[in-house]
2 protein chains.
Amino acid sequence: MMPSADEVQELVAHVPLFGSLRSESLKHILEQTSARLVEDGSRQFISRHGQEVTDVSIIMDGWVMRYDLLADGRRQILEFGTSGDTVGPFGTTATHHQYFVQTITPVRRWILDAESFSAAARKEPELHRRLTLLAFTALSEREDMVTDLGRRSAPERIARLILRLLARMDRAGSSKGNQYDFPFKQSHIADATGLTAVHVNRTLMSFRKSNAVRIDNGVLTVVNIDVLLLLAEMTMADFNALKRKGPA
Amino acid sequence: MMPSADEVQELVAHVPLFGSLRSESLKHILEQTSARLVEDGSRQFISRHGQEVTDVSIIMDGWVMRYDLLADGRRQILEFGTSGDTVGPFGTTATHHQYFVQTITPVRRWILDAESFSAAARKEPELHRRLTLLAFTALSEREDMVTDLGRRSAPERIARLILRLLARMDRAGSSKGNQYDFPFKQSHIADATGLTAVHVNRTLMSFRKSNAVRIDNGVLTVVNIDVLLLLAEMTMADFNALKRKGPA
DNA sequence: CGTGCGCTTGAGATACTTCAATGCTAGTGG
DNA sequence: CCACTAGCATTGAAGTATCTCAAGCGCACG
């Protein structure tokens, strides 16, 4: 499936990894990696722990999650990904997947051949630089998460997750004022914050009562961002820094 | 202070970041970055949150920790570093430090000028590749930590930290059989695992009683690695994989 | 010979979990 | 069009892992 000019345009515009490439080079990379556009429904596996790594995905629409699954069923979500995000152990030398990646909503994504993608990154310095930047950005995000899980209370963790997602949506222009689509179940929030779904529910109820945030029918509304920031122990400046963060 | 041939040799041999450079190129890089060798005592700050980034450190001897400090004093240790490790936001574009880095034991380290180090990484592809590899390795380690803090009990977290450090020491050849130098206080373990020092103490006492591990006079002894692995929910294969991990 | 830091232990508090039940909504098959 | 089911949110009640506060002890250091 040959990428059209429009599709190449969309990739350059919305995918940080490709943001600084000339359409020319990108088109060449897409050809080299046998890029194809596919669609998946909800709850589909994109990759599983232990599987061989054969390709790299770039999300165009919808949400996926990457998670770790322990023997007894405990689950830790490491990352939510949406349009513009890259999933897969791109850049590492790992030959097998370490984690599970699964769709949450229906997803439209590009699939690139992993091996030729690595080769392209080696040949194209700009792509290599972007890849490195992506790694450091992810590292910083994951370190924030370590502090959250290690040292912050349930309300703080949840408030911060909500704000991180809000910043992400703002950056992508996908939030209308103080509202954004929120396709996650309470169990997703639980597994991302290291809590139980029941406790997430109680905390969310308290957020609702204190007029900070409410979630109805898959839409999250920030009723009062000052209250939310207080719960998250963040200043407005911190929040603005969050928006600037992300894969630039 | 001009690096001697012996010093260059030591850097190539023990610092993953430089492991694949020719002595020639390394010497050139060290000159470009005004590399100097310094020594610090215990509990010295190497950098503080908010400070401007001016240099990059490479530890030759001793231990440092990098941590996040919340307004109310809660502390989360993100990483312990020792010989061969690089500390500092090398590779990112951040102009200011995000975390605190402090020595635990006396430390001998090289200091490289940050700006010219970045420049060197841009010019020397092999260095750039190593930097990227380092970032992905760190990312993977930090993701393990997220799962530990989010989903594992106190004994599991502590057992896994001990095993991760043991693997690190084995890799560096710094462990004698089942013993290694352990300069950390129980409060360090607490802040690395998201627990309190009191609870770490109780858990460590139980490890001692169950003949898994004991710590005496700054030396950690793995009495029975099978028991320890059980506590950590790890197999011997997992542990061996840990040893192979790390910045190759 | 005090003083401080780290380790140890006890007792009580609490944030979060577990188990269990109820209700709501959307989808499915008859 | 209704009965049935499944998934998710909500709430109550009881349990527990971990925390907090507090005290004592040993050792190193000045």
Side-chain angles (χ1 to χ4, degrees), chain A residues 41-43 63 65 70 72-76 102-106 148-159 161-162 182-210 213-221 231 233, chain B residues 41-43 63 65 70 72-77 102-106 148-159 161 182-210 213-221 231 233:
Chain A
S42 304
R43 294 162 205 256
W63 283 94
M65 59 180 168
L70 307 192
D72 58 3
R74 285 174 290 180
R75 182 173 77 165
Q76 178 65 49
Q102 207 178 342
T103 64
I104 293 174
T105 65
D148 284 358
L149 296 195
R151 287 301 184 216
R152 312 192 98 112
S153 69
E156 287 173 81
R157 292 187 214 177
I158 296 175
L161 174 61
I162 290 172
F182 198 87
F184 313 107
K185 307 298 171 198
Q186 296 184 349
S187 62
H188 290 124
I189 305 181
D191 288 336
T193 54
L195 301 165
T196 56
V198 172
H199 197 61
V200 167
N201 181 281
R202 292 192 224 272
T203 309
L204 247 22
M205 289 310 259
S206 87
F207 282 13
R208 190 181 291 251
K209 278 187 198 109
S210 57
V213 164
R214 62 181 58 244
I215 302 173
D216 297 301
N217 306 317
V219 175
L220 183 148
T221 309
L231 287 165
E233 294 211 324
Chain B
S42 304
R43 293 161 205 257
W63 283 93
M65 60 180 169
L70 307 192
D72 58 4
R74 285 174 289 180
R75 182 174 78 165
Q76 178 65 49
I77 295 179
Q102 207 177 342
T103 63
I104 293 174
T105 64
D148 285 357
L149 297 194
R151 286 301 183 215
R152 312 192 98 112
S153 68
E156 286 173 80
R157 292 187 214 177
I158 295 175
L161 173 60
F182 197 87
F184 313 108
K185 308 297 171 197
Q186 296 185 348
S187 62
H188 290 124
I189 305 181
D191 288 336
T193 54
L195 301 165
T196 56
V198 171
H199 197 62
V200 167
N201 180 280
R202 292 192 225 270
T203 309
L204 246 22
M205 289 310 259
S206 87
F207 281 13
R208 189 182 292 253
K209 278 187 199 109
S210 57
V213 165
R214 62 180 59 244
I215 302 175
D216 296 301
N217 306 316
V219 175
L220 184 147
T221 309
L231 287 165
E233 293 210 326

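Here is the naming used below: chain letters follow the sequence lines, and residue numbers restart at 1 for every chain.
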When you measure from the side chain of K185(B), which nucleotide among dC7(C), dT18(D), dT8(C) comes out closest? dC7(C)
Find the distance L149(A):CG to dC16(C):C1' and express it as a whole number of Å. 14 Å
Quick one: does any side-chain atom of S187(A) pair with a main-chain N or O of A197(A) as donor and acceptor, under 3.5 Å? no
Compare side-chain N and O positions of N201(A) against OP1 and OP2 of dA9(D) and report whether any pair is under 4.0 Å apart. no
With a 4.0 Å cut-off on heavy atoms, is G194(B) in touch with a base, just the backbone sugar-phosphate, or nothing at all? sugar-phosphate
Nearest whole angstrom, please: distance from the C1' of dA17(D) to the CZ of R152(B). 17 Å
Do the side chain of R202(B) and the base of dT20(D) come within less than 3.5 angstrom through a donor-acceptor pair of N or O atoms? yes
Among dC19(D), dA9(D), dG12(D), find the nucleotide with the atom closest to the side chain of Q186(A). dA9(D)
Whole-Å gap separating C1' (dC24(C)) and CG (D216(A)): 14 Å
Reported OG1-to-CD distance for the pair T193(B) and E156(B), which is rounded to 0.5 angstrom: 12.5 Å
In whole angstroms, the gap separating P of dA9(D) from CD1 of I158(A) amounts to 13 Å
Pairwise side-chain contact, D191(B) with F184(B), heavy-atom cut-off 4.5 Å (strictly under): no
Roughly, in whole Å, what's the span from NE2 in H188(A) to C1' in dG7(D)? 12 Å
Closest to the M205(B) side chain, choosing from dC19(D), dT9(C), dA9(D): dT9(C)
Would you mind telling me which of dT18(D), dT17(C), dC21(D) lies closest to the side-chain atoms of L195(A)? dT17(C)
Base, sugar-phosphate, or nothing: which does R157(A) touch, judged by heavy atoms less than 4.0 Å apart? nothing
V200(B) pairs by side chain to side chain contact (heavy atoms under 4.5 Å, CB included) with which of L204(B), V198(B), T203(B)? L204(B)
Would you kindly give the CG-to-P distance between D191(A) and dC8(D), to the nearest whole Å? 12 Å
Rounded to the Å, how far apart are K209(B) NZ and dT8(C) P? 10 Å
Salt bridge between R208(A) and D216(A), side-chain N to carboxylate O under 4.0 Å? yes
Nearest nucleotide by nearest heavy atom, which residue falls closer to the 5' end of DNA chain D, R151(A) or A197(A)? A197(A)
Atom-to-atom span, CZ of R74(B) to P of dT18(D) - whole angstrom: 18 Å
What's the closest nucleotide to the side chain of V198(A) if the choices are dG12(D), dC16(C), dT18(D)? dG12(D)
So L204(A), base contact, sugar-phosphate only, or nothing? Heavy-atom distance under 4.0 Å. nothing
5'-most contact on DNA chain C (nearest-nucleotide basis), I215(B) vs H199(A), goes to I215(B)
